[in-house]
Amino acid sequence: MNPVLEVKGLNKAYGGVHAVQDVSFNVSQGELRALIGPNGAGKTTCFNLLNGQLQADSGQVFFQGREITGLPPRKVWRLGLGRTFQIAAPFASMRVVENLQMALISHHGRLRQLWPRADRLYRDQALSLLTQLGLEEVAECTCGTLAYGDLKRLELAVALAHDPVLLLMDEPTAGMAPEEREGLMEQVVRLVRERGMSVLFTEHDMSVVFGNADRILVLDQGQVLADGTARQVQDHSAVQQVYLGSLEVPIDPDGQEES
């Protein structure tokens, strides 16, 4: 089976600084793939290259067998490659359900239609998505009053409204309490399995990475340092050196990696 995403020899430099250097990897269908590395490793730059926010100096990006290198973000998004960001930014003065309705209206290409009223469009579908993510109780609240964890879940709901084949999640649990992180990632894993979609995510919390990722790609100074399972990454000597030996993989009583 061909990968959903295939990256070949991606490069991006700013003057003499190589933010991303000869990076190659792939993401399989239905895979939850982690991209990790120390600060400045090139993770966000790599994401920006994948969804068209930055133009690569060289290299190729293929999505579902089609080259998307150089396409603008709106075209990449229309093809089914979605994204969430480190900082959630909904329409703060609008209600939660209205934010999601706007995402659905955009997805169905009805932003320019004058009739019917926007508040009557896709409301049931929006409420169904909010229920899936445990946000039904705050559906009528304005986004400016939400707790940060709820904002992050709303951002995920908005991304899912576009029915992505592959979702890029840039530090999805940043700023969340430990119990909120666990809950959000449980929802992400469930959605990946139910929908058969793929997820590529960056994350600084190693318990989130090792507890959920099918495979892990490690960047350091813009280059691929390691690529493999949680155990393979933990045992990689260069990775241990970069992280000062602090990586730990959750182990079950039988001595196997927890899934």
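In this chain, residues are counted from 1 in sequence order.
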Run the salt bridge (Lys or Arg N to Asp or Glu O under 4.0 Å) test against D163 and tell me which residues pass, sequence neighbours left out.
R195
Sequence neighbours excluded - ring-ring contact (aromatic ring centres under 6.0 Å, His included) pairs with any residue from residues 163-188:
none
Enumerate the residue pairs fulfilling ring-ring contact (aromatic ring centres under 6.0 Å, His included) with a member in residues 24-51, sequence neighbours excluded, ordered by first and then second residue.
none
Contacts of D22 that satisfy salt bridge (Lys or Arg N to Asp or Glu O under 4.0 Å) - sequence neighbours left out:
none
For the residue pair P38 and V242, establish whether any side-chain heavy-atom pair is separated by less than 4.5 Å.
yes
Provide the closest heavy-atom pair for N11 versus G9 in the form atom of the first, atom of the second, distance.
ND2-O, 2.9 Å
Return the set of residues passing salt bridge (Lys or Arg N to Asp or Glu O under 4.0 Å) with D227 (not counting sequence neighbours), or none when no residue passes.
R33
Under the side chain to side chain donor-acceptor pair (under 3.5 Å) test, which residues partner T69, sequence neighbours left out?
E67
Taking all non-hydrogen atoms of both residues, which atom of L146 and which atom of L154 are closest, and how far apart?
CD1-CD2, 4.3 Å
Can you give me the closest heavy-atom contact between L104 and A126, atom names plus distance?
CD1-N, 3.7 Å
Heavy-atom nearest pair, T45 first then Y14, reads CG2-OH, 4.2 Å
With sequence neighbours left out, what residues match H204 under side chain to side chain donor-acceptor pair (under 3.5 Å)?
N39, E171
Which atom pairs, one a donor and one an acceptor, fall under 3.5 Å between side chains of residues 127-140 and the rest of the protein, sequence neighbours left out?
| unit_1 | atom_1 | unit_2 | atom_2 | d |
| --- | --- | --- | --- | --- |
| T131 | OG1 | L127 | O | 2.9 |
| E140 | OE1 | R95 | NH1 | 2.2 |
| E140 | OE2 | R123 | NH2 | 2.6 |

Please name all residues satisfying side chain to side chain contact (heavy atoms under 4.5 Å, CB included) with V189, sequence neighbours left out, ordered by chain then number.
L32, R193, N212
Will you find, in the side chains of R190 and Q187, an N or O donor that is under 3.5 Å from an N or O acceptor?
no
Who are the side chain to side chain donor-acceptor pair (under 3.5 Å) partners of Q53, not counting sequence neighbours?
N51, R83
Side chain to side chain donor-acceptor pair (under 3.5 Å) against D57, all qualifying residues, sequence neighbours excluded:
none
So which heavy atom on G30 is nearest to which on D214, and how close?
O-OD2, 4.2 Å
Strictly by ring-ring contact (aromatic ring centres under 6.0 Å, His included), give each pair with a member in residues 160-184 just once, sequence neighbours left out.
W77-H162, H107-H162
When rounded to the nearest 0.5 Å, the distance separating CD of E155 from OG1 of T84 is 4.5 Å
Side-chain contact, heavy-atom cut-off 4.5 Å: D170 with T44?
yes
Going from CD on E182 to CG on D205, what distance comes out if it is rounded to the nearest 0.5 angstrom?
10.5 Å
Distance in Å, Q223 CD paired with H18 NE2, rounded so as to fall on 0.5 Å steps:
9.0 Å
CD of Q60 to CG of L10, rounded to nearest 0.5 Å, is 10.0 Å
Determine the sole option in L35, V239, V233 for which the side-chain contact (heavy atoms from CB on, under 4.5 Å) test with I216 is passed.
V233
Shortest non-hydrogen separation from S28 to S198 and the atoms involved
O-OG, 2.8 Å
